[in-house]
> 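The structure under discussion is supplied below as structure tokens; questions concerning it will follow.
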Amino acid sequence: MIKKSGMPLLEVKNLKKYFPVEKGFWRKTVGYVKAVDKVNLYINEGETLGVVGESGCGKTTLGRCILRAIEPTEGSILFRLNGDMIDITKLDRESLRATRRYTQMIFQDPYSSLDSRMTVLDIVGEPLLVNNLATGRKMEERVKDLVKVVGLNVKHLKRYPHAFSGGQRQRIGIARALASNPKFIVADEPVSALDVSVQAQTLNLLQDLQVEFKLTYLFISHDLSVIEHISDRVAIMYVGKVVELAKTEEFFLNPLHPYSEALLSALPKPDPRLRMKRIILSGEVANPVNPPSGCYFHPRCKYAEEICKKEEPGWKEVNPDHFVACHFAKELSLKGVI
Ligand code: SF4
């Protein structure tokens with residue numbers, strides 16, 4: 001499933017992450033939480049793929065599996081390195097360690113993701129030491145450069161995280177992620193814990209850094225407004241599955257999955273004339289341990305028909321670079337936003 005133009009940096013094929021559910025004294029496996037279920041996607045070099053979905057839909061697990069911070073159950077993760085596509089799932093410990101410097105993560109909570117006993121110099125310098133990229137004076141100079149790049153004061157290198165605001169702490173986290181010269185960054189809700197006033201600054205910083213360092217992002221968020229601002233393409237997740245994948249503009253104008261239509265109807269719009277009638281989804285989000293038959297979305301979908309209860313919809317490219325998993329994607333005329 002490679003994009004027709006452009007070069008994919010990362011390609012995920014049939015990725016699954018199932019967590020066993022254990023019961024009893026002998027911890028017998030009685031089922032699985034299907035946190036990520038048969039996910040297929042690609043990310044081109046230099047682009048941002050936004051991943052959206054409700055809490056618990058598997059977006060963070062997907063990001064962690066792609067970095068192999070947790071082991072996937074099945075599937076392949078192809079990553080372009082020195083011109084070759086290597087399968088990250090097949091790497092041994094040593095090769096994975098060598099690859100890690102090219103793939104980094106920015107965490108959601110700038111308070112818990114920084115060690116309160118380490119100074120800024122230690123935090124940002126750690127990836128340089130771990131990856132044998134710089135030590136001593138050279139490391140300090142590199143940390144100073146990174147701190148300047150993210151808009152912090154180099155005089156504060158010896159300060160501890162508690163001396164900074166939430167936005168500044170997130171900048172320290174971003175500097176740490178940049179230290180090893182990565183190509184690919186998973187940003188897991190990087191602005192959701194920040195005050196609204198600093199969210200836009202942080203998003204703009206991430207965009208500037210992307211251009212300056214030729215970065216590729218997987219950007220995870222539950223907020224479609226943030227995704228619209230930063231993403232080139234959007235992937236919508238529902239109960240462990242990607243149900244729609246499209247270019248951002250195409251997705252907002254012309255969604256093809258009923259779940260996407262419901263998410264878009266909840267987007268706030270400043271002009272009341274452009275407001276859509278909000279679609280209130282009935283029922284609960286499906287249980288990933290025991291999901292419904294057929295299409296997981298069918299108990300909540302107002303367009304569901306008999307086939308939706310029986311057959312899981314296939315993953316199809318309905319328009320160029322616009323993929324969806326819905327039996328009626330071609331027939332339905334769904335509302336997007338202007
Ligand atoms: Fe709705 Fe059926 Fe499409 Fe699922 S396959 S989203 S239930 S119309």
Side-chain angles (χ1 to χ4, degrees), residues 1 12-18 31-42 49-59 61-62 75 220-224 227-228 231 233-267 276-338:
M1 199 185 61
V12 171
K13 292 182 180 171
N14 200 30
L15 191 70
K16 296 181 190 172
K17 178 64 191 177
Y18 294 177
Y32 291 92
V33 176
K34 295 178 177 176
V36 173
D37 198 10
K38 296 184 227 157
V39 165
N40 292 288
L41 52 85
Y42 62 85
L49 176 69
V51 179
V52 194
E54 290 162 292
S55 298
C57 70
K59 44 194 196 305
T61 307
L62 173 66
I220 297 167
S221 180
H222 64 276
D223 185 340
L224 269 176
I227 290 291
E228 185 185 18
S231 305
R233 287 186 304 126
V234 185
I236 302 295
M237 279 191 87
Y238 186 75
V239 194
K241 289 180 183 291
V242 173
V243 294
E244 184 160 6
L245 178 67
K247 286 185 181 151
T248 304
E249 198 183 342
E250 159 84 359
F251 170 77
F252 277 81
L253 287 173
N254 182 27
L256 294 177
H257 196 281
Y259 179 57
S260 309
E261 184 190 44
L263 292 180
L264 288 172
S265 77
L267 254 186
M276 282 164 68
K277 191 164 180 285
R278 184 162 181 180
I279 299 169
I280 308 287
L281 291 174
S282 58
E284 295 288 318
V285 180
N287 179 355
V289 180
N290 186 21
S293 58
C295 172
Y296 287 3
F297 190 57
H298 86 252
R300 308 176 82 192
C301 180
K302 62 179 179 177
Y303 306 105
E305 297 202 16
E306 232 10 71
I307 186 175
C308 304
K309 297 179 192 163
K310 293 186 189 134
E311 276 180 36
E312 188 183 337
W315 183 239
K316 313 179 270 269
E317 187 172 13
V318 175
N319 294 325
D321 280 333
H322 194 159
F323 299 84
V324 68
C326 172
H327 289 302
F328 302 107
K330 282 188 180 159
E331 287 88 344
L332 295 175
S333 170
L334 305 180
K335 286 197 188 77
V337 290
I338 300 163

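Counting starts at 1 for both ligands and their atoms, in listed order. Just the heavy atoms: all of them, side chains too, but no hydrogens, waters or symmetry mates, feed the values below.
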> Regarding C301, does it place an N, O or S atom less than 2.8 Å from atom 2 (Fe) of ligand 1?
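Checking atom 2 (Fe) of ligand 1 against C301, no N, O or S atom falls under 2.8 Å.
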> Examine distances only and state if a side-chain atom of K38 and a backbone atom of V242 form a donor-acceptor pair shorter than 3.5 Å.
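Checked: no pair found.
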> Side chain, backbone, both or neither: which part of C326 has a heavy atom under 4.0 Å from ligand 1?
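It is both parts that get close, each with some atom under 4.0 Å.
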> Quick one: does ligand 1 sit under 4.0 Å from the side chain of E305, the backbone, both or neither, non-hydrogen atoms only?
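Answer for E305: neither.
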> When you measure from atom 5 (S) of ligand 1 to every protein heavy atom, which one gives the shortest distance, and what is it?
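The answer is H327 N, 3.3 Å.
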> So, C295 and atom 3 (Fe) of ligand 1: N/O/S under 2.8 Å, yes or no?
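It does not: C295 brings no N, O or S atom closer than 2.8 Å to atom 3 (Fe) of ligand 1.
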> Any carboxylate oxygen within less than 4.0 angstrom of a Lys/Arg side-chain nitrogen, looking at K310 and E305?
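Not counted as a salt bridge, because no side-chain N and carboxylate O are separated by less than 4.0 Å.
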> For a quick check under 3.5 Å, do D321 and Y42 share a side-chain donor-acceptor pair by atom type?
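Yes, side-chain donor-acceptor contact under 3.5 Å.
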> At less than 4.0 angstrom from any non-hydrogen atom of A304, what atoms of ligand 1 do you find?
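Those of ligand 1 that fall under 4.0 Å from A304 are 7 (S).
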> In a check of ring-ring contact (aromatic ring centres under 6.0 Å, His included) between H257 and each of Y296, Y238, F297, which one passes?
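Answer after filtering Y296, Y238, F297: F297.
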> Please check if atom OH in Y18 has more than 12 non-hydrogen atoms from other residues, nucleotides or ligands closer than 6.0 Å.
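For Y18, atom OH is crowded (more than 12 foreign heavy atoms under 6.0 Å).
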> Under 6.0 Å between the ring centres of F251 and H322?
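Ring centres of H322 and F251 not closer than 6.0 Å.
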> Is the shortest heavy-atom distance from the side chain of K34 to the side chain of K16 under 4.5 Å?
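Not in contact.
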> Just to confirm my output: which protein heavy-atom neighbour is closest to atom 2 (Fe) of ligand 1, and how far is it?
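Protein heavy atom with the smallest distance to atom 2 (Fe) of ligand 1: C308 SG, 2.3 Å.
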> By number and element, which atoms of ligand 1 are closer than 4.0 Å to a non-hydrogen atom of F328?
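Within the 4.0 Å cut-off of F328, ligand 1 contributes 8 (S).
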> May I ask you to list the atoms of ligand 1 that are less than 4.0 angstrom from any heavy atom of H257?
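So the answer, numbered in order with elements, is 6 (S).
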> Give the numbers and elements of all ligand 1 atoms closer than 4.0 Å to a heavy atom of P258.
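What qualifies from ligand 1 is 1 (Fe), 6 (S).
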